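Notes to accompany the following structure.
Predicted model, so just to flag it, every value in this text is computed and none were measured.
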Amino acid sequence: MEKRKIAFQTFGCKLNFAETSSIARRFKEDKYHTVEFKDKADIYVIHSCTVTAQADKKCKAAIRQAMRRNPEASVAVIGCYAQLKPEELRNTPGVKIVLGNNEKYNLFSIIDGTDTKEHHYGHDLTEQPVTPSDKELKTSRTFQPGYSLNDRTRSFFKVQDGCDYFCTYCAIPFARGRSRSATIKETIAVANEIASSEMREIVLTGVNIGDFGKQHNESFYGLIEELNELDGIDRIRISSIEPELLENQIIEKVSKSVKLMPHFHIPLQSGTDRILDLMKRKYKREVFEARVKKIKELMPDACIAADVITGFPGETKEDFDDTFSFISALPISYLHVFTYSSRPNTRAAVMEDQVNDREKSRRSKVLHDLSEEKKEQFYTENQGTIHEVLWESDVENGMMFGFTDNYIRCKIAFDINRVNNIEKVKLLTVDSQGVYEVQVV
């Protein structure tokens, strides 16, 4: 029997990438052949994000691209957009499967025709779109672990899902449900699966990873203590973690560990307490400032990324200027800048004093420019220093690339023997693309 060609496209966070990889591994090679999304396929799977209106647009564009490549193909849309707007997707030409975050793990059995539920879907996707009813499409309650194995070097490892915060701008709790995770013991068992592969580095991902383990009377700190003893993995990175959950003991643990990388991603969102309060964030800006200073006190070379939202309803020019000044004064390495986007069913969507699009764009550009200045300063401070780089397999113009422990991108002449190996290097000069040329020491 001829293999069916299936292609996957993932939008959004590292969590989505971890889940896509786990879902894709179920499609057995004897019946399915995975191809690039840009190629002609029989089935296109789009793992959607809905954190902004732009994310929704990217999903719709991907559906149109898939149908242009093969008008006879079937498109499956899974994930957060499918969770929140199933009816909108059901009526989109070409879309035959719509599965929210609870149902997306059934994708293989649905396509393969082995789903045993009463509403047996079968594998003939030429009829009406396959999707649970609105009544069935409930917010996720269970935890499904996942990890990526798309390359030999780094794995995104899902350790937590959902969020209990319900910030006024965010629809993710409606899409992914309440905060939940496995136990430390169960999580370590999955980590050992990754460690048995060729992976040298894992990136801990989740919606709110600092919340890990609370329903089991465990903690994120307890998890990283156990992971720090894991054999078979050389590097562990912590992805985005809320400032009030990034406790000093976590920072201190990273500073003393060879395995835990000096690389932090901390959401700030606004540099004014008034806007943080409107957002229903759970900290004051002084907490964020204290975390940044603690990190730099213990790890001067550490990389610190921060999320910031501009144009939130009610954000005045004074609020924005205050945020700009606050960020400017802190040793942050770079920013992830998000222009506020109204999300359905969120409280911020109906707030007064919405900022106009032109002003939001202006503020966004100012923060992007600040981010570039911060990154250039961080790179300059690291010039001449010695770090360890994990080399990846990508090749461009005879050069290969990798990241230092503190997340500086480096390049060196390609040598296949370097792939997936860690080398100590000296950072020499930065090219026009912001990549460091290095010398092995």
Inspect the contact between Asp56 and Lys60 and indicate whether a charged nitrogen and a carboxylate oxygen are less than 4.0 angstrom apart.
no
Would Phe17 and Thr205 count as a side-chain contact (heavy atoms from CB on, under 4.5 Å) if you check the C-alpha gap in whole Å, the side-chain angles of each, and the deciding distance to 0.1 Å?
CA-CA 10 Å; Phe17 283 88; Thr205 67; over 6 Å; no
How close do Gly222 and Ile184 get, counting heavy atoms only, and between which atoms?
C-CD1, 3.6 Å
salt_bridge(Arg281, Glu242) N-O dist < 4.0 Å:
yes
Donor-acceptor contact present, side-chain Asp273 to main-chain Lys284, <3.5 Å
no
If I compare all heavy atoms of Val98 with all of Val95, which pair ends up nearest, and what's the gap?
CG2-CG1, 3.6 Å
With salt bridge (Lys or Arg N to Asp or Glu O under 4.0 Å) as the rule and sequence neighbours excluded, what pairs involving residues 35-52 come up?
none
Apply side chain to side chain donor-acceptor pair (under 3.5 Å) to residues Tyr147 and Glu193 and explain how you reach the verdict.
CA-CA 10 Å; Tyr147 56 89; Glu193 293 179 21; 2.8 Å; yes
Quick one: pull up NZ in Lys294 and CD in Glu252 and give me the separation to the nearest 0.5 Å.
4.5 Å
Does a side-chain heavy-atom distance below 4.5 Å link Asn208 with Leu245?
yes
Going by salt bridge (charged side-chain N to carboxylate O under 4.0 Å, His left out), name the residues that satisfy it together with Lys374, two or more places apart in sequence or in a different chain.
none
Residues, nucleotides or ligands: over 12 heavy atoms within 6.0 Å of Lys58 NZ:
no
Hey, does Leu84 have a side-chain heavy atom less than 4.5 Å from the side chain of Pro344?
no
Any chance you could measure Ile304, atom CD1, to Met299, atom CE, to the nearest 0.5 Å?
8.0 Å
Please determine whether side-chain contact (heavy atoms from CB on, under 4.5 Å) holds for the pair Val355 and Tyr340, giving the CA-CA distance in whole Å, both sets of side-chain angles, and the decisive distance to 0.1 Å.
CA-CA 9 Å; Val355 180; Tyr340 170 73; over 6 Å; no
Tyr165 six-ring centre to Lys282 NZ/CZ under 6.0 Å and within 45° of normal:
yes
Just how far is it from atom CG of Asp322 to atom CD1 of Ile327, taken to the nearest 0.5 Å?
10.0 Å
Has the side chain of Gln354 got a donor or acceptor atom that lies under 3.5 Å from a matching backbone atom of Ala348?
yes
Residue pair Ala66 / Val75: nearest heavy atoms and the distance that separates them
CB-CG2, 4.1 Å
Sub-4.5 Å side-chain heavy-atom contact between Tyr169 and Thr346
no
Listed by chain and number, what are the salt bridge (charged side-chain N to carboxylate O under 4.0 Å, His left out) partners of Glu359, not counting sequence neighbours?
Arg362, Arg363
Cys163 side, atom SG; Phe174 side, atom CZ - distance, nearest 0.5 Å:
10.5 Å
All side-chain hydrogen bond (donor to acceptor under 3.5 Å, both in side chains) counterparts of Arg200, not counting sequence neighbours
Asp234
Restricting to salt bridge (charged side-chain N to carboxylate O under 4.0 Å, His left out), what partner residues turn up for Lys365, sequence neighbours left out?
Asp369
Before you tell me yes or no, could you show the steps for Gln160 and Ser179 under side-chain contact (heavy atoms from CB on, under 4.5 Å), namely the whole-Å CA-CA distance, both residues' side-chain angles and the distance that decides it to 0.1 Å?
CA-CA 7 Å; Gln160 184 273 342; Ser179 179; 3.0 Å; yes
Ignoring hydrogens and angles, tell me if any N or O in the side chain of Ser371 forms a donor-acceptor pair with the backbone of Leu367 under 3.5 Å.
no
For Lys360, does its backbone N or O pair with a side-chain atom of Ser364 as donor and acceptor, under 3.5 Å?
no
So, are Glu289 and Lys293 salt-bridged, with charged N and O less than 4.0 Å apart?
yes
Given side chains that start at C-beta, do those of Met67 and Tyr44 come closer than 4.5 Å, heavy atoms only?
no
Is the closest side-chain heavy-atom distance between Phe220 and Asp211 below 4.5 Å?
no
Using atom types as modelled and distance alone, determine if a side-chain donor or acceptor of His47 lies under 3.5 Å from a backbone N or O of Lys104.
no
Any side-chain heavy-atom pair of Pro313 and Leu278 under 4.5 Å:
no
Indicate the ring-plane relationship of Tyr407 and Phe403, choosing parallel, tilted or perpendicular according to the 30° and 60° boundaries.
parallel
Quick one, Phe312 and Thr168 - any side-chain contact, counting heavy atoms below 4.5 Å?
yes
Kindly indicate whether the side chain of Asp161, heavy atoms from C-beta on, has any atom under 4.5 Å from the side chain of Glu19.
yes
On a heavy-atom basis, the closest approach of Leu370 and Ser328 is CD1-OG, 3.7 Å
Straight-line distance of Ile172 CD1 to Leu15 CG, nearest 0.5 Å
9.5 Å
Using a 3.5 Å distance criterion without hydrogens, assess whether the side chain of Asn192 forms a donor-acceptor pair with backbone atoms of Ile188.
yes
Give me the atom names and distance for the closest heavy-atom approach of Cys303 to Tyr334.
SG-CE2, 3.6 Å
Are the charged groups of Arg154 and Glu392 less than 4.0 angstrom apart, N to O?
yes
Between the main-chain N or O of Gly213 and the side-chain N or O of Ser181, is there a donor-acceptor pair closer than 3.5 Å?
yes
With a cut-off of 6.0 Å (strictly less than), are more than 12 heavy atoms of other residues, nucleotides or ligands near CG of Asn356?
yes
Hits for side-chain hydrogen bond (donor to acceptor under 3.5 Å, both in side chains) against Ser22, two or more places apart or cross-chain, chain-then-number order -> Arg25
Does the plane of the ring in His265 sit parallel, tilted or perpendicular to the ring in His336? Use 30° and 60° as the thresholds.
parallel
Could you tell me whether Asp277 and Arg274 make a salt bridge, using a distance below 4.0 angstrom between a side-chain N and a carboxylate O?
no
So does Gly271 get a backbone contact from the side chain of Arg285, meaning a donor-acceptor N/O pair under 3.5 Å?
yes
Of all heavy-atom pairs linking Tyr283 and Pro267, the shortest is OH-O, 3.4 Å
Got a second to check how far Phe143's CZ is from Thr187's OG1, nearest 0.5 Å?
6.0 Å
Carefully, step by step, assess Ser148 and Lys14 under the rule side-chain contact (heavy atoms from CB on, under 4.5 Å).
CA-CA 9 Å; Ser148 65; Lys14 294 180 177 68; over 6 Å; no
Count the heavy atoms of every other residue, nucleotide or ligand shown that sit under 6.0 Å from NZ of Lys5, and state whether that count exceeds 12.
no
Just do the side chain to side chain donor-acceptor pair (under 3.5 Å) check on Glu201 and Thr153 with the steps written out, would you?
CA-CA 6 Å; Glu201 177 176 306; Thr153 307; over 6 Å; no
Identified side-chain contact (heavy atoms from CB on, under 4.5 Å) counterpart of Val77 within the set Leu89, Ile97, Val45, Thr92:
Leu89
Donor-acceptor pair, distance only, cut-off 3.5 Å: does the side chain of Lys296 make one with the backbone of Ala302?
yes
Whether Lys259 side chain and Leu230 backbone form a donor-acceptor pair below 3.5 Å:
yes
